[in-house]
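Taking it in order: structure first as structure tokens, then the write-up.
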Number of protein chains: 2
Amino acid sequence: MSLRATNVSHGKLVNLWVVFETIRLHGPLSRSDIARLTTLSKPSVSSLVDELDGLGLIREGALRTGGVGKPSTPLDLNPEGAFTLGLHLDYGRATVVLTDLIGGVRHREVWALDTSDQLRTLRTIARQIKGLLKKGKIDRSRLMGMGLVMPGPFGVAGLSPTRLPGWDGVAVRAALEADLRMPVMLANDGTGAAMAEWRFGVAKGHENFVYVFIGNGIGTGLVVNGRLVGGEDGNAGEIAHVVVRPEGHECICGKHGCLETYISLDSALHHFRRNGVILSSMEEFERCVGPGDTLVEEWLAEAIGPLRLGINLIENLFNPEAIYLGGDFPSWLLDLFMARILPLPISVNSSHSQQTRLRRAALGQDAAAIGAAALAVAASLNPDYLQRVQARPEYEV
Amino acid sequence: MSLRATNVSHGKLVNLWVVFETIRLHGPLSRSDIARLTTLSKPSVSSLVDELDGLGLIREGALRTGGVGKPSTPLDLNPEGAFTLGLHLDYGRATVVLTDLIGGVRHREVWALDTSDQLRTLRTIARQIKGLLKKGKIDRSRLMGMGLVMPGPFGVAGLSPTRLPGWDGVAVRAALEADLRMPVMLANDGTGAAMAEWRFGVAKGHENFVYVFIGNGIGTGLVVNGRLVGGEDGNAGEIAHVVVRPEGHECICGKHGCLETYISLDSALHHFRRNGVILSSMEEFERCVGPGDTLVEEWLAEAIGPLRLGINLIENLFNPEAIYLGGDFPSWLLDLFMARILPLPISVNSSHSQQTRLRRAALGQDAAAIGAAALAVAASLNPDYLQRVQARPEYEV
DNA sequence: AAAATTTGTAAGTCGCTTTAACAAATACGC
DNA sequence: GCGTATTTGTTAAAGCGACTTACAAATTTT
């Protein structure tokens, strides 16, 4: 049961978060602006602003004159106010970003890893992160924690993790938390990418949206009623194994015609392999394949129908403000999807404009890692942050 | 933006709701029990309980002795504390219930209506309801309002309302609110049914679940993160036009293979008509058709695959605690669905047991109306009730 | 230069939860 | 059977943060 009583102290934390978010979304703002936007009184805003200032999370700009009345002091987030780590773990690869409070990437590393050895991978990651921090790029006392995202689903025999073999039931979160001695949040990669666009990208301010993440596999990140959605086990948004072609390709899950067998790097590699071209990673794919290739066109022709159905069912079930398309795929390929998928079939969102319904994600291939970092901010500042986004069943490594 | 600041008075309303809900879900409870369950202090609980008592919403039971210590006073909801009206408007028919605070149906009426005449229908409904109230079955001052549910989607040209022709853009809510002079909440029928099971039925206490509502058409009601989901326009959960057979039946929406063309009364009637049997309403269907009929079996054989896909995609996208199957369909037919659909295909919910994943709704065919009534309770008591469940685009009648 | 407007602060009030202390009523131990 | 432990629920006072009211300060408008 999520029914939690409240009291004055909790209320204050809520208001602190409200002021913080208001500045983030609409800043720079004066204290009076904030009072108007939040319905808090001016004295209350002043006091909360003082507190945020004391924490170093916001900063004052130069006095702004021009209008009638006393000049106002614009307030904005202080990028240096807090730092978080974001880790995107994927097949054979880990991306780590160190971000500031406004999503600026202060440091970035990508490691090639043998992810089939889980223990070794975890040790390497922990060691590398410690090294990264020792280089002293940031004030260590301002490091709030780390977010970790990886392909889901979590804890489902026969289904997971379909894109990261052998990682089912590995207590990634606990292991890293213990080793790095900082809070670690865990979610799937789609949720990470959604979080990034939600806080720092084009999905700012949305109450309801869906991020479709295309990478090795395909997944989504969900925001409903202004909150991230994890579902009962942290596995919500798992669109990969939704059937779009009942008589279609056989899937590793045992069903036929799952979306992932049409739209994913894996499905592309399969198509290439069936035609005698052996490619085995995203890097190789990017290096060897381009927009005009016949094999790409063939694969795309087969993939666009299923993707259209996927978009359609997301619209009908979530009736979101918008759907964002992004992920690990090369940019030109996402662009092709965007172009070929139009016109969108009729749905509950048909009263919105085509441009509104489906949009390109703005952040690049690091989105998932950046969003992971953002998870750690939300977890430590938002008193109502939903833990349930995290995956549940974890066992000892 | 849903970022709303809080203060002590709002906090009190939250806590009042928390205490109310705690009693509803776990009652009968002593004041001390409530304090333990909510983390509120004992004096706070006492004060909030006094307030709820003053409102007449709860009542004390007989002193409960037996354990160590002073005997406790069990508290429970007072059924007579508040009444609400629930209206389920559907093709050719309106069901109205007058319910008490614990979902007990104090009065029920079903009217056959010519719903193709919207103005007339609205007038009739308003008149009948006024008459119903005049009969003086309840203390009028304790009537909190009305909930209205009807088939969606709302405000989508070419798609809605697929099961209630001519009602698109009709300002039902405003019209009834003005005529009856009480607050009226509006949502789709799936949401109504979900609400009924959530508050009074087998879905009590869930944070995440989906109700699949099968009637003239097919829809769902969604609860995510402990809140109803409406989406941007109040149209979330519109599963009817999700494509499950890309090469399948043509649908009135212009697409092919929509779920509704396989599982809905409408699809059954179509199948019968193609085979020379003309039926035109749910009543007729119930009267003329039974479990063993060949035509039913044929239709069922074709319907069960699509339904299985529908359940599968709901599981994968929402990862709910459970899915409930119910609606306007005759009970024996829902039972057949429940039996034939097993085993459920693999999904993110496969780690749950089959019995947990899909369950029969407990409330009968009045569920949608009862849930509509429950909407009015939540709207007036829960300070964080999500208005967005309501349909948005409404125009004057 | 006076008036109007707007920003932001200071002082005190208000509402609600909390802590601390305690009275009342029961079961339990001897 | 009586004192003790336990639990319930209330009373009184403290604490906390938002609110209202009043006002000083800095600018534009007239």
Side-chain angles (χ1 to χ4, degrees), chain A residues 3-20 22-23 26-55 58-76 383, chain B residues 3-20 22-23 26-55 58-76 383:
Chain A
L3 279 173
R4 275 185 319 205
T6 184
N7 58 29
V8 275
S9 311
H10 177 253
K12 182 188 177 172
L13 294 178
V14 170
N15 289 346
L16 213 55
W17 174 247
V18 167
V19 170
F20 180 83
T22 304
I23 296 174
H26 306 289
L29 294 174
S30 72
R31 290 167 174 80
S32 291
D33 290 335
I34 300 171
R36 275 186 293 267
L37 283 167
T38 58
T39 72
L40 283 163
S41 66
K42 286 193 291 178
S44 303
V45 170
S46 278
S47 136
L48 293 164
V49 159
D50 285 350
E51 186 131 352
L52 287 172
D53 195 36
L55 292 168
I58 59 173
R59 61 181 182 188
E60 300 194 338
L63 240 56
R64 201 163 41 178
T65 179
V68 185
K70 184 178 173 181
S72 60
T73 315
L75 302 166
D76 221 334
Chain B
L3 280 171
R4 275 186 318 205
T6 184
N7 56 32
V8 276
S9 310
H10 177 253
K12 183 193 175 171
L13 294 178
V14 171
N15 288 347
L16 212 56
W17 174 248
V18 167
V19 170
F20 179 82
T22 304
I23 295 174
H26 307 290
L29 295 173
S30 72
R31 290 167 174 78
S32 292
D33 290 335
I34 299 171
R36 274 186 294 267
L37 284 167
T38 57
T39 72
L40 283 163
S41 67
K42 286 192 293 178
S44 302
V45 171
S46 279
S47 135
L48 293 164
V49 159
D50 285 350
E51 184 129 354
L52 287 173
D53 195 37
L55 291 169
I58 59 173
R59 59 179 182 189
E60 300 194 337
L63 241 55
R64 199 162 43 179
T65 180
V68 184
K70 184 179 172 181
S72 60
T73 315
L75 302 166
D76 221 335

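Just so it is clear: chains get the letters A, B, ... in the order the sequence lines come, proteins before strands, and each one is counted from 1.
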Next on the checklist: Whole angstroms only, please: what is the CG-C1' distance between A:Asp33 and C:dG8?
Outcome noted: 12 Å

Item to check | Exam field: side chain A:Asp76 to backbone A:Arg59, donor-acceptor pair closer than 3.5 Å | outcome: no

Checklist entry - Quick one, which residues of residues 40-53 of chain A touch DNA chain C with a heavy atom under 4.0 Å? => result A:Lys42, A:Pro43, A:Ser46

Checklist entry - Would you say D:dG9 has OP1 or OP2 under 4.0 Å from some side-chain N or O of B:Arg64? => result no

Item to check | Residue-phosphate contact under 4.0 Å: A:Thr73 side-chain N/O, C:dG8 OP1/OP2 | outcome: yes

Item to check | Evaluation steps, side chain to side chain donor-acceptor pair (under 3.5 Å), between A:Asp50 and A:Ser47 | outcome: CA-CA 5 Å; A:Asp50 285 350; A:Ser47 136; over 6 Å; no

Checklist entry - To the nearest angstrom, how far is B:Ile34 atom CD1 from D:dT8 atom C1'? => result 13 Å

Item to check | Side-chain N or O of B:Asn7 closer than 4.0 Å to phosphate OP1/OP2 of D:dG17 | outcome: no

Next on the checklist: Is the shortest side-chain heavy-atom distance between A:Leu48 and A:Lys12 below 4.5 Å?
Outcome noted: yes

Item to check | Stepwise side chain to side chain contact (heavy atoms under 4.5 Å, CB included) check, B:Ile34 with B:Ile23 | outcome: CA-CA 8 Å; B:Ile34 299 171; B:Ile23 295 174; 3.7 Å; yes

Checklist outcome for this item: When A:Leu13, A:Asn15, A:Val8 are each screened for side-chain contact (heavy atoms from CB on, under 4.5 Å) with B:Thr6, the one that passes is A:Asn15

Checklist entry - Just to confirm, is there a sub-4.0 Å distance from OP1 or OP2 of C:dT6 to any side-chain nitrogen or oxygen of A:Ser32? => result no

Checklist entry - Think A:Asn15 has a side-chain N or O under 4.0 angstrom from the OP1 or OP2 of D:dA18? => result yes

Checklist entry - Please give, in whole Å, the distance from D:dG15 C1' to A:His10 NE2? => result 18 Å

Next on the checklist: As a test of understanding, state which of A:Val49, A:Thr22, A:Asp33, A:Val45 forms a side-chain contact (heavy atoms from CB on, under 4.5 Å) with A:Leu75.
Outcome noted: A:Val49

Checklist entry - Atom CD of B:Glu60 to atom P of D:dT8: distance rounded to whole Å? => result 15 Å

Checklist entry - Separation of A:Leu29 atom CG from C:dG8 atom P, in whole Å? => result 11 Å

Checklist entry - Under 4.0 Å between a side-chain N or O of A:Thr6 and OP1 or OP2 of C:dT17? => result no

Next on the checklist: Across nucleotides 24-30 of chain D, 5' to 3', mark each nucleotide with B, S or - according to how protein heavy atoms within less than 4.0 Å reach it.
Outcome noted: -BBBS--

